[in-house]
Student: 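So that we are looking at the same thing, I have put the structure below in structure tokens.
Note that the coordinates shown come from a computational prediction; the quantities given were computed from them, not determined experimentally.
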Amino acid sequence: MPTMIQAVRGMNDILPPETRHWQYAESIFRHILQGHGYQEIRLPILEKTELFNRSIGEVTDIVEKEMYSFVDRNEENLTLRPEGTASCVRAGIEHGLLYNQIQRLWYTGPFFRHERPQKGRYRQFHQCSAEVFGLLGPDIDAELISMSALLLEKLGVRPYVTLQINSLGTLQSRKIYRDALVRYLKAHEKDLDQDSLKRLNKNPLRILDSKNPELKKIIGGAPKLLDHLDEDSLKHFEKLQEYLTDAGVSFEINPNLVRGLDYYTKTVFEWVTDKLGAQGTICAGGRYDGLVAQLGGKPNYALGFSFGMERTILLMQQAGITCEEAAMPHAYLVTDGEESFAEGLKLGNYLRGKLDDLRLILHCGGGSLKNQFKKADKSGAQFAIIIGEHERKNHSVSIKALREELPQQTLFQDELAEYLRLKISKK
């Protein structure tokens, strides 16, 4: 007997009924994003490796340790995308979407990083992201963050998350701060862990984001980036706080929030939870005003966010959000014999053509009526629609309610669409 082939570690199957949560969440993302004027863009999974080296930063953990990269048959260095912003910017530059234009774009799909798999962090993971190009002020920062708050509310998890914000300033002001931070950390070099020592000269700001409790005191005493902001960045950050307060979006200022990618400037933010253990960031984003020029386009302002779909779904499940009813069939069509099945097949196609939202299962595989009714009940359908010999000859159907104590009734087939329309509209 051949050996069973299993999925690659950290690349998981998403099975029914869990897919119902995904479909429910994805429908909310699509509805809210499109309702705010965002247009969907679909991006390739494979990109040239240079794209991520230039955008994310060659000394980041993602580029150094986590990317799935290979040389293809044309001797090109390619990488399975580890994040989406660089791909979105590349597409915008390549197709002329960004210069002298305001663009609101969104996308979703799988991404890939070779990390140690654990709950909420996988090697193939999914994100839903929004990106805005061409707007400079803190007003769009506030609207984007407010939109993320609305998404969390509609998903049913807003009470379980906290918004943290910070400002990284400009690249110039951050360089001045970086020098001050390195001087401070080198004075405590003997107390740093191995990860921090590796980052000290390459990416010292990432040390501020360390989860090592032994470094808490050192990090707490480090110079604050907010104290080194340039005047424009400080005004931008203060106005953002005003807008969020006016919009009723509560937040905490986290001076150690730096994000893991090199391209961020000014506003950065995260929605975090304590319900998922170590992987507590549900949504993260910020400004990346220099990235478009960095990737070969005309200078442009840009910002965005990404929701981790796996973590969002886990939090929904922890919060007891159920999506059962939204996926249950409205009706299960039971037939008695081959001629009745042929009639049921025709009727099912007719009903689906009349009712776009109808969820109807036609029983296939034969079997007794008793057995078919058992399957109808197990399906979760509200009604069983029955076509037997009597119904077939009279072009009628019998309808049996499966979730309520109601008498069975008979309708002509041409009355059935309107009957179901009314029942569906009440749900």
Student: Kindly say whether Ile218 contributes a backbone atom to a donor-acceptor pair with the side chain of Tyr184 at under 3.5 angstrom?
Tutor: yes
Student: Start with the C-alpha distance between Arg158 and Leu163, add both sets of side-chain angles, then the distance that settles side-chain contact (heavy atoms from CB on, under 4.5 Å), and finish with yes or no.
Tutor: CA-CA 10 Å; Arg158 179 77 182 276; Leu163 174 63; over 6 Å; no
Student: So, Asn77 and Thr49: side-chain donor and acceptor under 3.5 Å apart, yes or no?
Tutor: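 Asn77 vs Thr49: no donor-acceptor pair found between side chains.
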Student: How close do Ser55 and Gln294 get, counting heavy atoms only, and between which atoms?
Tutor: CA-NE2, 3.7 Å
Student: Is the shortest heavy-atom distance from the side chain of Ser306 to the side chain of Phe111 under 4.5 Å?
Tutor: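 Counting from C-beta outward, Ser306 and Phe111 never come under 4.5 Å.
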Student: Taking Tyr177 for the side chain and Asp227 for the main chain, is one N or O donor matched with an acceptor at less than 3.5 Å?
Tutor: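 Between the backbone of Asp227 and the side chain of Tyr177 there is no qualifying donor-acceptor contact (under 3.5 Å).
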Student: To the nearest 0.5 Å, what is the distance between CG on Leu151 and CD1 on Ile282?
Tutor: 13.0 Å
Student: Is a salt bridge present between Arg42 and Glu40, judged by a nitrogen-to-oxygen distance below 4.0 Å?
Tutor: yes
Student: Going by an N to O cut-off under 4.0 Å, is there a salt bridge joining Glu94 and Arg90?
Tutor: yes
Student: Measure from the side-chain N and O atoms of Asn212 to the backbone N and O of Glu214, and report whether any donor-acceptor pair falls under 3.5 Å.
Tutor: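 Present.
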Student: According to the salt bridge (charged side-chain N to carboxylate O under 4.0 Å, His left out) rule, which pairs have a member within residues 120-140, sequence neighbours left out?
Tutor: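 Listed by first then second residue: Glu115-Arg121.
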Student: Verify the neighbour count for atom NZ of Lys224: are there more than 12 heavy atoms of other residues, nucleotides or ligands below 6.0 Å?
Tutor: yes
Student: Could you verify whether a donor N or O on one side chain and an acceptor N or O on the other, from Gln103 and Tyr38, lie under 3.5 Å apart?
Tutor: no
Student: Tell me, do Asp232 and Lys266 make a side-chain contact under 4.5 Å, heavy atoms counted?
Tutor: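 Of all side-chain heavy-atom pairs linking Lys266 with Asp232, at least one is under 4.5 Å.
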Student: Where do Ile385 and Lys400 land on the side-chain contact (heavy atoms from CB on, under 4.5 Å) test, with the steps shown first?
Tutor: CA-CA 7 Å; Ile385 300 172; Lys400 179 178 176 61; over 6 Å; no
Student: Looking at Gln318, I want to see if its CD is surrounded by more than 12 non-hydrogen atoms of other residues, nucleotides or ligands under 6.0 Å.
Tutor: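 Enclosed.
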Student: Report yes if some heavy atom in the side chain of Thr267 is under 4.5 Å from a heavy atom in the side chain of Ser167; otherwise report no.
Tutor: no
Student: Test your reading of the model: is there a side-chain donor-acceptor pair from Gln372 to the backbone of Gly367, 3.5 Å cut-off?
Tutor: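 Side chain of Gln372 to backbone of Gly367, a donor-acceptor pair under 3.5 Å: yes, one is there.
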Student: Nearest 0.5 Å, please: how far is CD in Glu238 from OG in Ser233?
Tutor: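 The CD atom of Glu238 is 11.0 Å from OG of Ser233, to the nearest 0.5 Å.
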Student: What orientation do Phe307 and Phe305 show, parallel under 30°, tilted 30 to 60°, or perpendicular over 60°?
Tutor: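 If you compare the ring of Phe307 with that of Phe305, the planes turn out perpendicular.
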Student: Can you tell me how far the OG1 atom of Thr265 sits from the CG atom of Asp289, to the nearest 0.5 Å?
Tutor: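 Answer rounded to 0.5 Å: 4.0 Å.
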Student: Specify the closest pair of heavy atoms between Arg81 and Ser87, including all atoms of both residues, with the distance to one decimal.
Tutor: CB-OG, 4.4 Å
Student: Enter the distance from Gln127:CD to Arg311:CZ here, rounded to the nearest 0.5 Å.
Tutor: 9.0 Å
Student: Mind checking what makes side chain to side chain donor-acceptor pair (under 3.5 Å) contact with Arg9, not counting sequence neighbours?
Tutor: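 Arg9: no side chain to side chain donor-acceptor pair (under 3.5 Å) contacts found.
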Student: On a heavy-atom basis, which atom in Ile219 and which in Ser210 lie closest, and how many Å separate them?
Tutor: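 It is CD1-CB, 4.0 Å.
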Student: Between Ser196 and Leu192 (side chain of the first, backbone of the second, donor and acceptor by atom type, cut-off under 3.5 Å), is there such a pair?
Tutor: no
Student: Below 4.5 Å, heavy atoms only, C-beta onward: do Lys354 and Arg352 meet side chain to side chain?
Tutor: no
Student: Would you sort out whether His330 and Leu358 count as a side-chain contact (heavy atoms from CB on, under 4.5 Å), showing the intermediate values?
Tutor: CA-CA 7 Å; His330 296 114; Leu358 178 65; 4.0 Å; yes
Student: What distance separates Leu351 CG from Leu362 CG, expressed to the nearest 0.5 Å?
Tutor: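 That separation rounds to 10.5 Å.
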Student: Out of curiosity, Leu43 CG to Ile41 CD1, how far, rounded to the nearest 0.5 Å?
Tutor: 4.5 Å
Student: Angle between ring planes, Tyr332 versus His363, binned at 30° and 60°: parallel, tilted or perpendicular?
Tutor: tilted
Student: Is any NZ, NE, NH1 or NH2 atom of the basic residue among Lys239 and Glu242 found under 4.0 Å from an Asp or Glu carboxylate oxygen of the other?
Tutor: yes
Student: Evaluate whether atom CD of Gln409 has more than 12 neighbouring non-hydrogen atoms of other residues, nucleotides or ligands under 6.0 angstrom away.
Tutor: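 It does: Gln409 CD has more than 12 such atoms within range.
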Student: Taking side chain as C-beta onward, heavy atoms only, is Met316 less than 4.5 Å from Leu155?
Tutor: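 A side-chain contact under 4.5 Å exists here.
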Student: Would you find a donor on one side and an acceptor on the other, under 3.5 Å apart, between the side chain of His21 and the backbone of Ile321?
Tutor: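 Looks like yes, one N/O pair under 3.5 Å.
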Student: Can you check salt bridge (Lys or Arg N to Asp or Glu O under 4.0 Å) on Lys235 and Glu231, steps first, answer last?
Tutor: CA-CA 6 Å; Lys235 287 181 178 178; Glu231 185 178 356; 3.2 Å; yes
Student: Quick one: are Trp106 and Ser129 in side-chain contact, heavy atoms under 4.5 Å?
Tutor: no
Student: Counting distance only, does the side-chain N/O of Asn300 pair as donor-acceptor with the main-chain N or O of Leu98 below 3.5 Å?
Tutor: yes
Student: Would the distance check show the side chain of Arg199 and the main-chain N or O of Leu205 forming a donor-acceptor pair, the cut-off being under 3.5 Å?
Tutor: no
Student: Taking 4.0 angstrom as the limit, do Glu418 and Arg421 come out as a salt bridge?
Tutor: yes
Student: Hey, are Arg403 and Asp377 close enough for a salt bridge, meaning a charged N less than 4.0 Å from a carboxylate O?
Tutor: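 Salt bridge present between Arg403 and Asp377.
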Student: For the pair Thr79 and Glu47, evaluate side chain to side chain donor-acceptor pair (under 3.5 Å) and give the outcome as yes or no after the intermediate values.
Tutor: CA-CA 6 Å; Thr79 294; Glu47 296 275 8; over 6 Å; no
Student: Do Trp271 and Thr162 pair up side chain to side chain, a donor and an acceptor below 3.5 Å, judged on atom types alone?
Tutor: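 No, Thr162 and Trp271 have no side-chain donor paired with an acceptor closer than 3.5 Å.
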Student: Could you walk me through whether Asp193 and Leu197 pass the side-chain contact (heavy atoms from CB on, under 4.5 Å) check?
Tutor: CA-CA 6 Å; Asp193 59 17; Leu197 289 171; over 6 Å; no
Student: Can you find a pair of side-chain heavy atoms, one from Glu66 and one from Pro82, that are under 4.5 Å apart?
Tutor: no
Student: Thr170 side chain to Ser173 main-chain N or O, any donor-acceptor pair under 3.5 Å?
Tutor: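 Yes.
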Student: Would you say Gln164 and Phe251 make side-chain contact, with heavy atoms under 4.5 Å?
Tutor: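 SC-SC contact between Gln164 and Phe251 ruled out.
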Student: Could you tell me which non-hydrogen atom of Asn166 sits nearest to which non-hydrogen atom of Pro255, and how far apart they are?
Tutor: ND2-O, 3.3 Å
Student: Are the charged groups of Arg206 and Asp195 less than 4.0 angstrom apart, N to O?
Tutor: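 Here Arg206 does not pair with Asp195 in a salt bridge, since their nearest N and O are not under 4.0 Å apart.
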Student: Identify the heavy atoms of Thr19 and Ile14 that sit nearest to each other, and give their distance.
Tutor: CG2-O, 3.3 Å
Student: Write down the atom of Lys186, the atom of Leu200, and the distance for their closest heavy-atom approach.
Tutor: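 For Lys186 and Leu200, the tightest heavy-atom pair comes out as CG-CD2, 3.8 Å.
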Student: Strictly distance-based, threshold 3.5 Å: is any side-chain N or O of Ser379 a donor or acceptor partner for the main-chain N or O of Ala376?
Tutor: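 Yes.
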